Amino acid sequence: MRKPFRGFLKDWPWRVAALGVALVVFLGIRHSVSYTQTLTLAVEAETVNGTQALTGFEPGVVSITFRGSEAAIRKLSVPGAEPPRIRVKLKQPSADAPSTMVTVSPRDVLRDDGLRVVAVSPNKVKAFFDTRDTRWFEVAEPIITGAPATGKVRVSIEPKRVEVTGSRSLLDELEAAQTKLTPAILDVANRAEGFQTVLRVLPPDSRGGWTLKPETVRADVQFVREESVQERVFEQVPVEVLQSPDGARYRPLQRMVTVRVQGEKRELEAFKPESIRVVGGVPAQAIPDAEGAVWSELELFLPCTNRVTRATIDPAQMRFVRVRPREDEE
C-alpha cells in the first residue's frame, strides 16, 4: 500500500529549517515596516438607560500602544486630526453598588483601520455612579488651527445647543460654571474656499460617562478677505517753499498742513512722517494782491510707491507773502 506522507516525512528536517528561515524573514520584514506609538487617552463610556449615571473612572486615563505603518503612526501626531478614543460599554449597576470594575480591551479603542492595539495599561479601571439627569448646554465655536491661504476665518455651527445626560451632581457643577461644550479642532491650513464639515462635540470633561444628543455639529466655514485699503492721516507736515524765479523770497502764512493718504494697508503702515514733503512756490507770472501776497497750489511728494490710491492736502492752496529784506536779516 502506498504511503502518501512518506516523501514529505523523508526530508522533514530540511522542511522545518526552511520554515524557520521563512518565519525569521517574515518577522524581520514585519518589524522593519511597522512602527509603534503610545498615547495616553481618557476613558469614555457608553451606558445603557437607567437611573444611574457614570461620574468617572479611576484611573481616568489609560496608556494605549498602537502598531501600524509609518504613515498611520505619523497621522496620530498631525495637528487637528481626530485622535483615537477609548469607549467602554457599561451595564447599569445594582442600586446598592456605587462602583464596579471595568475591563478595557483593544476592541474598546476606536481608531483608524491602519492601526492595531498591542498593549493596554492598565487594562482595568473602576467606574463610579450617581443619579442620572439631562440638561442643555450651548456649543462654543471650534478652536481653529492652521493659517488660511487668504482672509479671516468665520465659522457658524448648527445646532448651537446639545442635550447632555450624565451625573446630576456633575451637571449642577457645569451649569454653575456656565460651561460651554467644545467641538473638535478645525484645521483651515492653506484653505481659501469656503466649505462645510461635521465636527464631533467633545464631552464636558473626563469625569463622567456623558451621552450627547446630537454628538456632532455642522460647521459652515467661510473666508473673509481683510480690508486692504486704509486711510492714514499725517498732521503738522511742514510746508517747504521753492525759490521764486525772479529771486524774490516768500513765506507761507500757514506753516503746517494735514496730509491724508489712502492705499494699501501694509504700504501705508511703513510710511514715516518725515518722508512726506509738501512744497509750495510762487510762479513767475503770479500777480500779487494789494498786500503783496500770492495764492499758490501746494504739491505733495510721497515715498516711491504705486500702492497709493488717493492723497490730499488740507489746505490744498496757500497764501504766500513776500519776505521783506528786514525779515531776511532777522
Side-chain angles (χ1 to χ4, degrees), residues 34-68 72-73 75-77 81-137 139 162-177 179-185 199-217:
S34 65
Y35 298 80
T36 60
Q37 182 169 340
T38 300
L39 299 180
T40 301
L41 304 176
V43 181
E44 302 175 24
E46 178 181 338
T47 57
V48 297
N49 292 331
T51 59
Q52 290 186 279
L54 181 72
T55 60
F57 291 99
E58 187 180 313
V61 294
V62 172
S63 295
I64 306 295
T65 301
F66 298 93
R67 182 184 296 278
I73 293 296
K75 190 177 179 180
L76 293 173
S77 304
E82 184 76 9
R85 301 166 59 190
I86 301 175
R87 194 167 177 84
V88 298
K89 292 185 178 181
L90 293 179
K91 297 181 179 179
Q92 278 287 318
S94 58
D96 57 347
S99 64
T100 185
M101 294 301 297
V102 181
T103 300
V104 182
S105 67
R107 61 176 174 271
D108 296 322
V109 182
L110 308 180
R111 74 276 187 187
D112 290 342
D113 293 337
L115 296 172
R116 292 186 300 108
V117 176
V118 295
V120 179
S121 179
N123 66 344
K124 289 184 180 295
V125 295
K126 193 173 186 178
F128 297 88
F129 296 89
D130 183 26
T131 305
R132 177 187 295 270
D133 203 352
T134 299
R135 312 281 173 85
W136 287 86
F137 290 88
V139 181
V162 168
E163 184 184 79
V164 180
T165 300
S167 161
R168 177 178 297 173
S169 60
L170 296 184
L171 289 172
D172 289 341
E173 291 182 21
L174 297 175
E175 279 191 335
T179 302
K180 288 187 177 182
L181 303 180
T182 304
I185 294 176
L199 300 176
R200 184 171 72 92
V201 181
L202 304 180
D205 57 33
S206 61
R207 295 177 296 174
W210 306 105
T211 300
L212 279 60
K213 293 183 180 180
E215 292 186 340
T216 60
V217 292

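Since this is a predicted model, take the numbers as computed values, not measurements.
With sequence neighbours excluded, no residue forms a side chain to side chain donor-acceptor pair (under 3.5 Å) with T216. Scanning for side chain to side chain donor-acceptor pair (under 3.5 Å) contacts around N123 gives an empty result, with sequence neighbours left out. For K124, the side chain to side chain donor-acceptor pair (under 3.5 Å) test picks out T103, with sequence neighbours left out.
When every heavy atom of A72 is checked against every heavy atom of G114, the shortest pair comes out as CB-O, 3.8 Å. Scanning both residues, A53 and S167, for their nearest heavy atoms gives CB-N, 3.6 Å. The heavy-atom pair separating S63 from T40 by the smallest distance is OG-OG1, 3.8 Å. Residue V102 comes nearest to A127 through the heavy atom pair CG2-CB, 4.0 Å, listed as atom of the first residue, atom of the second, then distance. Contact record, T134 with E163: CG2-CG, 3.2 Å, taken as the closest heavy-atom pair. Residue P183 comes nearest to L202 through the heavy atom pair O-CD1, 4.0 Å, listed as atom of the first residue, atom of the second, then distance.
Between W210 and L171, the closest side-chain pair of non-hydrogen atoms falls below 4.5 Å. Taking the side chain as every heavy atom from C-beta outward, I86 and I64 approach each other to under 4.5 Å. Two residues are said to be in side-chain contact when any heavy atoms from C-beta on lie closer than 4.5 Å; P204 and L181 meet this criterion. Looking only at side-chain heavy atoms (C-beta outward), P84 and L39 come within less than 4.5 Å of each other. Looking at T36 and R67, their side chains come closer than 4.5 Å, going by heavy atoms from C-beta outward. Using a 4.5 Å heavy-atom threshold, the side chains of Q37 and S77 count as touching. Looking at V117 and F66, their side chains come closer than 4.5 Å, going by heavy atoms from C-beta outward. The shortest side-chain heavy-atom distance between F57 and V62 does not fall under the 4.5 Å cut-off.
Here CH2 of W136 is found 10.0 Å from NZ of K213. Values are rounded to the nearest 0.5 Å. Rounding to the nearest 0.5 Å places NZ of K126 at 7.0 Å from CE of M101. Atoms CZ and CG, on R111 and L76 in that order, are 11.5 Å from each other to the nearest 0.5 Å. In this structure, the separation between CG on L54 and OG1 on T100 is 10.5 Å, given to the nearest 0.5 Å. Considering CD of E44 and CG of L90, their distance stands at 12.0 Å, rounded to 0.5 Å. Distance CD1/I185 to CZ/R200: 11.0 Å, rounded to 0.5 Å.
At least one donor-acceptor pair under 3.5 Å links the side chain of T55 to the backbone N or O of F128. A donor-acceptor pair under 3.5 Å is formed between the side chain of T179 and the backbone N or O of L174.
A salt bridge links R87 with E215: the closest approach of a Lys/Arg side-chain nitrogen to an acidic carboxylate oxygen falls below 4.0 angstrom. K89 and D108 are not joined by a salt bridge, as no carboxylate oxygen comes within less than 4.0 angstrom of a charged side-chain nitrogen.
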